[in-house]
There are 2 protein chains.
Amino acid sequence: MTTAAKPRPADRVPDCVDCPIRHRAVCARCETDELQELEQIKYYRSYPAGQTVVWAGDRMDFVASVVSGIATLSQTMEDGRTQMVGLLLPSDFIGRPGRDDATYDVVATSDLVVCCFRKRPFETLMARTPHIGQRLLEMTLDELDAAREWMLLLGRKTAREKIASLIAIIARRDASLRPTGAAREVVFDLPLTREAMADYLGLTLETVSRQVSALRKEGVIRLEGTRRVTIPDFERLLAETGDDSDGGFLV
Amino acid sequence: MTTAAKPRPADRVPDCVDCPIRHRAVCARCETDELQELEQIKYYRSYPAGQTVVWAGDRMDFVASVVSGIATLSQTMEDGRTQMVGLLLPSDFIGRPGRDDATYDVVATSDLVVCCFRKRPFETLMARTPHIGQRLLEMTLDELDAAREWMLLLGRKTAREKIASLIAIIARRDASLRPTGAAREVVFDLPLTREAMADYLGLTLETVSRQVSALRKEGVIRLEGTRRVTIPDFERLLAETGDDSDGGFLV
DNA sequence: CGAATACTTGAGATTATTCAAAAAGCGTGG
DNA sequence: CCACGCTTTTTGAATAATCTCAAGTATTCG
């Protein structure tokens, strides 16, 4: 089902001080001495696109931060229906302190680099210093808000609104990571296949395809190939999401 | 739309030591001296069934624990579509430290008693002692798991599976709060109207009604009136939920 | 270039919704 | 205790949205 390449220990592991996600990840609030303790128990791993990082139910002896790339969290029912329950971007946290088994499948959607911490030492460190737990609480509260926003999408939005919402969210995130100011035209690549989009949105891939095509035909978006999206008028796209018109633009 | 009775300050506010939710709420890990600090900033409020505790977007100057009764968290779209994103039971936490405005509507579904803490002092206390933050992190992680389980339900389950899942969850919770051991027949009252069930499940109330009737006609559940449910065979109900057959019975 | 994967499109079936009306349940006052 | 009005729930019929199955086309990778 998925490729089977092994995770590769990365060749060089950068110092925390030079880390690109230093200010957003679970370690964001750590003092220098705390960082040094983290350095002791951390190691990098790389996964090629498509590879599974952990399977739901598997024992997990580490927690980790996404350094670069994208991973997905998903759940699968006995008969194969799957629902994505989270999209992990750089600085996002993988795993749950205090829990030994993975609750969800974690899959690398692009080439992925993660900064792992051995779980027991991490838990010990967490108990000793409040900074990690404080930051993790903030991040978890944010994720909970995101999950609840997604519940509204899954439960109440139409297929068209779901697609528009997903594109808007990816576009926004992309804009926030990018140096540029407020470009009139937003251009970016979808990091997900149609099937992954379907799993995220609670749709079939055919419905995703049809709705993407519909938005394209109506000029809400433009496509180069199947992945590269141009949004000529962001307001127009937002109007298709079903969300409040005011709600947090360019957060 | 909702009744407009004022929240009533409760007459007597029990000591934390005697509190029924003491061991599960956000204060669960607090030492005696920390409890004393909490006593200083706490006050009780009561809301009659149907009343709104806070509206999304309103300023909230307190956080709170549910002491008794049930409340719902929900989101409403401009055109009135609403999605429930959480069910708050005794010991559950309301509000988010560090945030001034409510993100969701909170509505008392039954008569409700909450233990409020003024927000600023609570935040200060949190910063000073790690016990509250630690417990809040645990609770938030549990809520995140619950939200993600709900995402699977909303995105991938059929109407029938949704209803069966909701009934099973309420039955389980009810069993866990009840003194009895493993009774063969489970009997309990649905704490939600058909409309509230629909809002929780991402369905219309008519579909809820139809599926409840279908389960009744097929003997999966029995009904006395519209609220009182008997489950003659819990395994049979679980088989209708679409979940793994093994997954956490009577957790 | 060829095979494999990803995507699109069509037609028909299915599921859930919408609109409408009737029945059941609930609380109040006579 | 019962009648009345109100809310909640049930049920029906028609409609709309999405899914399923089935090709066919485009894209990617070796």
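Below, chains carry the letters A, B, ... as their sequence lines are ordered, and counting in each starts from 1.
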For B/S213, answer base if it contacts any base atom (sugar-phosphate contacts may also be present), sugar-phosphate if it contacts only those atoms, and nothing otherwise; contact means non-hydrogen atoms under 4.0 Å.
-> sugar-phosphate
Whether A/D111 side chain and A/A49 backbone form a donor-acceptor pair below 3.5 Å | yes
Main-chain N/O of A/L205 paired with A/S209 side-chain donor or acceptor, under 3.5 Å | no
Angle by which the axis turns from one end of the helix from C/dC1-D/dG30 to C/dG30-D/dC1 to the other, five pairs per end, to 10 degrees = 50°
Salt bridge check: are A/R96 and A/D101 linked by an N-O gap of less than 4.0 Å?
-> no
Quick one: salt bridge (charged side-chain N to carboxylate O under 4.0 Å, His left out) partners of A/E149, sequence neighbours excluded?
-> none
Taking A/R81 for its side chain and B/R156 for its backbone only, find out whether a donor-acceptor pair lies under 3.5 Å.
-> yes
B/S65 to B/I21 - nearest heavy-atom pair and separation = CB-CD1, 3.9 Å
Of the residues in residues 218-229 of chain B, which ones touch DNA chain D at a heavy-atom distance under 4.0 Å?
-> B/T226, B/R227
Mind checking whether A/L88 and A/I70 have side chains closer than 4.5 Å, heavy atoms only?
-> no
Quick one: does B/T241's side chain have a donor or acceptor within less than 3.5 Å of a partner on B/D243's backbone?
-> yes
Taking atom types as modelled, find out whether A/T82 and A/D199 have a side-chain donor-acceptor pair closer than 3.5 angstrom.
-> yes
Hey, is B/K157 close enough to B/E240 for a salt bridge, meaning N to O under 4.0 Å?
-> no
Please determine if B/R227 and B/D189 form a salt bridge, counting it only when a charged side-chain N lies under 4.0 Å from a carboxylate O.
-> no
For nucleotides 15-22 of chain C, 5' to 3', base contacts (B), sugar-phosphate-only contacts (S) and non-contacts (-) with protein non-hydrogen atoms under 4.0 Å give -SBBB---
All pairs passing ring-ring contact (aromatic ring centres under 6.0 Å, His included) where residues 218-241 of chain A contributes a residue, at least two apart | none
Here the distance between atom P of C/dA6 and atom CE of A/M197, to the nearest Å, is 15 Å
In terms of side-chain geometry, is the basic nitrogen of A/R148 or A/E143 positioned less than 4.0 Å from the acidic oxygen of its partner?
-> no
Between which nucleotides of DNA chain D, read 5' to 3', does contact with chain A run, using atoms under 4.0 Å from its heavy atoms?
-> D/dT18 to D/dC21
